[in-house]
Amino acid sequence: MLGIIGAMDVEVDGLKNEMKYTHIKTIAGMNFCQGQIGGKDVVAVKCGVGKVNAAMCTQILADVFMADAVINTGVAGSLNDDIDICDIVVSNVAQEHDMDVTVLGYERGIIPDMEISIFEADDRLRELAKNSAKNAGLNVNIFEGKIVSGDRFIGTQQEKEILRKNLGGDCAEMEGAAIAHVAYLNNIPFLLIRSISDRADGKVKIDYRTFEKKAAENSVTLLNKMIEEY
């Protein structure tokens with residue numbers, strides 16, 4: 001069973017529309033939609049915004065649905081000037097940017113008492129995503145990069161520069177690294193796919209509202225092709 005997580009309806013509705021033989025199971029206020037896409041067993045769910053929702057959703061996929069792998073799809077703000085609006089970032093690693101215990105001598109983003117704070121995406125899923133992007137016919141650039149996550153919408157040039165300089169982030173959003181964290185603890189392969197909706201700077205309100213839907217559609221198009229070839 002392949003688990004698919006999106007934070008918002010726009011990030012998963014396109015997948016649900018492609019599903020056959022659907023059954024919905026509601027747990028913790030989340031509707032887990034089970035079915036098949038391209039003959040593959042999947043469960044798609046909107047987790048809601050933020051790291052806690054995302055983490056809880058991932059644990060349910062592990063405990064209740066016995067997910068073999070988890071893919072998180074959605075939109076993000078670009079931290080890398082080479083990555084433009086509607087381009088897609090496939091995660092190689094993910095980190096929680098709002099984990100901050102620097103006052104006790106830790107580097108920003110480091111989780112105390114854990115051996116790993118930067119979570120590596122599954123190589124097979126990563127290669128599948130890159131190959132599927134070519135076959136999906138998307139007229140956008142595909143990047144591999146570091147996705148950083150926190151319970152804060154990044155929307156100023158200053159914040160953007162800090163995350164780029166201090167953590168090496170390529171894009172920022174609010175769920176992915178929490179999903180990666182839980183997947184790692186459960187030994188489940190994961191991948192994060194982010195289509196860029198804005199540049200995470202002072203123009204974020206205009207860009208996000210203008211490009212959110214198109215960016216989400218690109219991410220879902222890629223994911224549909226991935227599932228076909230999974």
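Numbers here are sequence positions counted from 1.
Ile196 has its side chain out of reach of Val75: every pair of non-hydrogen atoms, C-beta onward, lies at least 4.5 Å apart. Put simply, the side chain of Tyr230 reaches to within 4.5 Å of the side chain of Leu125, judged on heavy atoms. Under the 4.5 Å side-chain criterion, counting only non-hydrogen atoms from C-beta, Val42 is in contact with Leu2. Side-chain atoms of Ile4 and Val43, non-hydrogen and from C-beta on, never get closer than 4.5 Å to each other. Side-chain atoms of Ser149 and Glu175, non-hydrogen and from C-beta on, never get closer than 4.5 Å to each other. Side-chain contact between Thr22 and Gln36 is absent, with no heavy-atom pair separated by less than 4.5 Å. Side-chain contact between Val101 and Ile110 is absent, with no heavy-atom pair separated by less than 4.5 Å. Annotation: side chain of Val45 is not in contact with side chain of Gln34 (no heavy-atom distance under 4.5 Å).
Considering all non-hydrogen atoms of both residues, Cys47 and Met30 come closest at O-CE, 3.6 Å. In terms of heavy atoms, Leu192 sits closest to Ala177 at CD1-N, 4.2 Å. For Ser195 against Cys86, the heavy-atom pair with the smallest separation is OG-O, 3.8 Å. The two residues Ala172 and Leu163 have their closest heavy-atom pair at CB-CD1, 4.2 Å.
Separating the CD1 atom in Ile147 from the CG atom in Leu167 is a distance of 13.5 Å, to the nearest 0.5 Å. The distance from atom CG of Asp68 to atom NZ of Lys40, rounded to the nearest 0.5 Å, is 12.5 Å. To the nearest 0.5 angstrom, Lys130 atom NZ is 7.5 Å from Lys134 atom NZ. Atom CG of Leu223 and atom CD of Glu18 lie 11.0 Å apart (nearest 0.5 Å). In this structure, the separation between CD1 on Ile111 and CE on Met99 is 5.0 Å, given to the nearest 0.5 Å. Separating the OG atom in Ser219 from the CD1 atom in Ile193 is a distance of 5.5 Å, to the nearest 0.5 Å.
Salt-bridge annotation for Lys46 and Asp9: present, with a side-chain N of the basic residue lying under 4.0 Å from a carboxylate O of the acidic one. The pair Glu161-Arg164 fails the salt-bridge criterion, with no side-chain N (NZ, NE, NH1 or NH2) lying under 4.0 Å from an Asp/Glu carboxylate O. With respect to the salt-bridge test (charged N to carboxylate O, under 4.0 angstrom), the residues Asp98 and Lys51 qualify.
Between the Glu11 side chain and the Met8 main chain, a donor and an acceptor come within less than 3.5 Å of each other. Remark: the backbone N or O of Ala62 is not paired with any side-chain donor or acceptor of Gln59 at under 3.5 angstrom. No donor-acceptor pair closer than 3.5 Å links the side chain of His97 to the backbone N or O of Val148. Of the possible donor and acceptor atoms, one in the side chain of Lys160 sits under 3.5 Å from a partner among the backbone N and O of Arg199. Between the side chain of Asp87 and the backbone N or O of Asn141 there is at least one donor-acceptor pair closer than 3.5 Å. Checked by atom type and distance alone, the side chain of Thr26 never pairs as donor or acceptor with a backbone atom of Gly29 at under 3.5 Å. Not one N or O on the side chain of Asp151 forms a donor-acceptor pair closer than 3.5 Å with the backbone of Gly50.
When hydrophobic clusters are built by joining Ile, Leu, Val, Met, Phe, Trp and Tyr residues whose side-chain heavy atoms come closer than 4.5 Å, directly or via intermediates, Val12 is not grouped with Val220. Hydrophobic clustering, with ILVMFWY side chains joined whenever heavy atoms are under 4.5 angstrom apart, keeps Phe211 apart from Leu138. In the hydrophobic clustering of ILVMFWY residues, with side-chain heavy atoms under 4.5 Å counting as a link, Phe190 and Tyr184 come out together. Val70 and Ile118 fall into different hydrophobic clusters, where Ile, Leu, Val, Met, Phe, Trp and Tyr residues are linked whenever their side-chain heavy atoms come under 4.5 Å apart, directly or through other members. Residues Ile154 and Val49 fall into different hydrophobic clusters, defined by Ile, Leu, Val, Met, Phe, Trp and Tyr side chains chained together at heavy-atom separations under 4.5 Å.
Within a 6.0 Å radius of NZ in Lys213, other residues, nucleotides and ligands contribute 12 heavy atoms or fewer. Annotation: Glu144, atom CD; neighbour count of heavy atoms from other residues, nucleotides and ligands within 6.0 Å is above 12. For Asn187, the CG atom sits in a loose shell: 12 or fewer heavy atoms of surrounding residues, nucleotides or ligands are nearer than 6.0 Å.
In summary, the side chains of Ser78 and Asn80 do not present any donor paired with an acceptor at a separation below 3.5 Å, with no hydrogens or angles considered. Ser132 and Glu229 are linked by a side-chain donor-acceptor pair at a separation below 3.5 angstrom, with hydrogens and angles left out of the test.
Exactly one of Asp122, Thr73, Val90, Asn72 qualifies for a side chain to side chain contact (heavy atoms under 4.5 Å, CB included) with Leu191. That residue is Val90.
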From CA spacing to verdict: side chain to side chain contact (heavy atoms under 4.5 Å, CB included), Val89, Lys146: CA-CA 8 Å; Val89 178; Lys146 182 176 186 179; over 6 Å; no

Side chain to side chain contact (heavy atoms under 4.5 Å, CB included) between Phe32 and Ile60, intermediate numbers included: CA-CA 10 Å; Phe32 293 80; Ile60 292 170; 3.4 Å; yes

Pair Asp41, Phe65 - check side chain to side chain contact (heavy atoms under 4.5 Å, CB included), show working. CA-CA 11 Å; Asp41 291 329; Phe65 297 94; over 6 Å; no

Run the numbers on Met1 and Met66 for side chain to side chain contact (heavy atoms under 4.5 Å, CB included), then give the verdict. CA-CA 7 Å; Met1 179 77 73; Met66 307 297 179; over 6 Å; no

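At least one test fails for Arg194 against the ring of Phe143: distance under 6.0 Å to the centre or angle within 45° of the axis.
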